[in-house]
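Have a look at the structure below before the remarks.
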Amino acid sequence: MVIAVALDDGFSLGVLSSRAHLEWTYANCGLLGVAKFEQGHRYTKSKIFDRFPFPAASPAQRNGIGEIAEELDATRKKVIAGHHDLTLTTLYNLREKLVKGHAFTAKEEDQRMRGRVDIIAELHDRLDTAVAEAYGWPANLSDEEIVTRLVALNAERAAEERRGIVRWLRPEYQQKKAGVAIIEKKPDAEQIEALLPDAKAQKPSFPRDAIGQTAAVLTELRAGGSYSAETIAIRFRQGRKVANRIEATLQALVRLGYVSQEPGGYRLRRAA
């Protein structure tokens, strides 16, 4: 299956050309575990592209993936422009035979050489490795493991968005679809706080009085784990505006012995 996408962003093109997106596509087409190169299966944008969780790649990773994708795209275009008997389908059928170690006929061997199929296969291997690294995953995951991790990541992103936190990995698409008004963005930040209409309406207000503030902070800490003042703040309607008040409350709870301060944040020490 060859997926044609109209993108001028090398990073996005690279991720959508990777094995991760291909396995996601097969799973959403109902193809996981069956013959994957059968014809007639439809790529449904709303079920596949819209729900696909892109990796939160660093700038260096984005550049690396983009460079490989652009080289792959240029190689394919040059081959097709120079050889009228070669199509994308032909090239990728030959690549599939190469990957599986199948023998080539004399005609296919000629097409393989003229189509630079070995180079295309190598570029895909490099792309898959780079995309896996951007996700923070091993490069040798099975098909099922890739899909399982993508499903889990998609659920994690959905939970973040319900709390009003959005990872702008595809800013133009995401902002247009969600109708989001950006509050704040820090340089090189992976996330920014956003006014998602539903999420904002569901968030409670941070109390104005000291007793209410203490109770609210303790309630958040009782969920378990270590939290910073900012992490707690974004769970309230006022967002980061109340981070300083939450920090002061946490410090007071530390002095009283209810909370311990760790390098990564604050943790409830005992029942309070």
Side-chain angles (χ1 to χ4, degrees), residues 1-27 29 31-32 34-41 43 48-49 52-55 57-147 149-150 169-170:
M1 180 185 292
V2 180
I3 300 168
V5 290
L7 293 172
D8 55 9
D9 171 17
F11 167 71
S12 297
L13 177 61
V15 174
L16 294 179
S17 301
S18 72
R19 182 183 171 216
H21 184 255
L22 197 62
E23 295 305 332
W24 175 264
T25 300
Y26 290 143
C29 285
L31 288 173
L32 190 60
V34 301
K36 293 182 175 179
F37 287 85
E38 296 176 357
Q39 300 298 316
H41 298 284
Y43 184 97
I48 301 173
F49 177 78
F52 179 70
F54 274 61
S58 68
Q61 289 170 334
R62 293 179 68 92
N63 290 337
I65 291 171
E67 288 174 1
I68 298 171
E70 288 167 3
E71 184 178 353
L72 173 62
D73 190 48
T75 300
R76 294 182 304 200
K77 287 178 177 177
K78 187 173 183 178
V79 166
I80 292 173
H83 304 277
H84 297 299
D85 63 322
L86 298 180
T87 65
L88 274 178
T89 299
T90 302
L91 295 178
Y92 278 86
N93 284 340
L94 292 170
R95 173 183 172 242
E96 180 68 4
K97 294 193 71 170
L98 176 65
V99 170
K100 291 183 175 180
H102 294 173
F104 291 92
T105 65
K107 177 181 179 181
E108 289 173 337
E109 188 64 43
D110 173 63
Q111 292 177 327
R112 171 185 173 183
M113 297 299 294
R114 290 186 295 113
R116 304 185 182 185
V117 174
D118 293 62
I119 294 175
I120 290 173
E122 180 187 356
L123 288 170
H124 269 287
D125 288 343
R126 289 171 53 197
L127 186 62
D128 290 341
T129 298
V131 171
E133 181 181 343
Y135 278 111
W137 301 344
N140 60 347
L141 293 174
S142 69
D143 298 348
E144 290 80 3
E145 287 173 328
I146 289 175
V147 174
R149 291 185 181 222
L150 287 171
L169 306 175
R170 293 178 285 166

- Task: Quick one: do Leu123 and Arg116 satisfy side-chain contact (heavy atoms from CB on, under 4.5 Å)? Show the steps, please.
- Result: CA-CA 11 Å; Leu123 288 170; Arg116 304 185 182 185; over 6 Å; no
- Asp143 and Tyr26: side-chain contact (heavy atoms from CB on, under 4.5 Å), yes or no, with the steps? CA-CA 10 Å; Asp143 298 348; Tyr26 290 143; over 6 Å; no
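Of all heavy-atom pairs between Pro138 and Arg149, the closest is CD-NH1, 3.8 Å. Counting all heavy atoms, side chain and backbone alike, Gly14 lies closest to Val131 at O-CG2, 4.3 Å. Glu108 and Leu94 get closest at one heavy-atom pair: CB-CD2, 3.8 Å. A pairwise comparison of heavy atoms in Ala132 and Ala139 identifies CB-CA, 4.0 Å as the closest pair.
In this structure, the separation between CG on Leu127 and CD on Glu67 is 12.0 Å, given to the nearest 0.5 Å. The distance from atom CG of Leu86 to atom CG of Leu91, rounded to the nearest 0.5 Å, is 5.5 Å. Atom NZ of residue Lys77 and atom CG of residue Leu72 lie 10.5 Å apart, to the nearest 0.5 angstrom. Going from atom CG of Leu13 over to atom CD of Glu70 covers 8.0 Å, rounded to the nearest 0.5 Å. Atom-to-atom distance recorded for Glu23:CD and Ile146:CD1 is 5.5 Å, nearest 0.5 angstrom. The CZ atom of Phe52 lies 10.0 Å from the OG atom of Ser12; values are rounded to the nearest 0.5 Å.
Applying the side-chain contact (heavy atoms from CB on, under 4.5 Å) test to Leu98 and every residue at least two apart in sequence or in another chain returns Phe104, Arg112, Val117, Asp118, Ala121. The side-chain contact (heavy atoms from CB on, under 4.5 Å) search around His102 returns Lys97, Lys100, not counting sequence neighbours. Remark: Ala130 pairs with Ile65, Ile68 by the side-chain contact (heavy atoms from CB on, under 4.5 Å) rule, at least two apart or across chains. For Thr87, the side-chain hydrogen bond (donor to acceptor under 3.5 Å, both in side chains) partners at least two apart in sequence or on another chain are Thr90.
Annotation: side chain of Leu150 is not in contact with side chain of His21 (no heavy-atom distance under 4.5 Å). Two residues are said to be in side-chain contact when any heavy atoms from C-beta on lie closer than 4.5 Å; Pro55 and Phe11 meet this criterion. Inter-residue side-chain proximity for Phe54 and Leu16 is flagged as met; some heavy-atom pair is nearer than 4.5 Å.
Sorted by first and then second residue, the salt bridge (Lys or Arg N to Asp or Glu O under 4.0 Å) pairs involving residues 82-92 (not counting sequence neighbours) are Asp85-Arg114. For residues 121-140, the set of pairs meeting the side-chain hydrogen bond (donor to acceptor under 3.5 Å, both in side chains) definition, not counting sequence neighbours, comprises Tyr92-His124.
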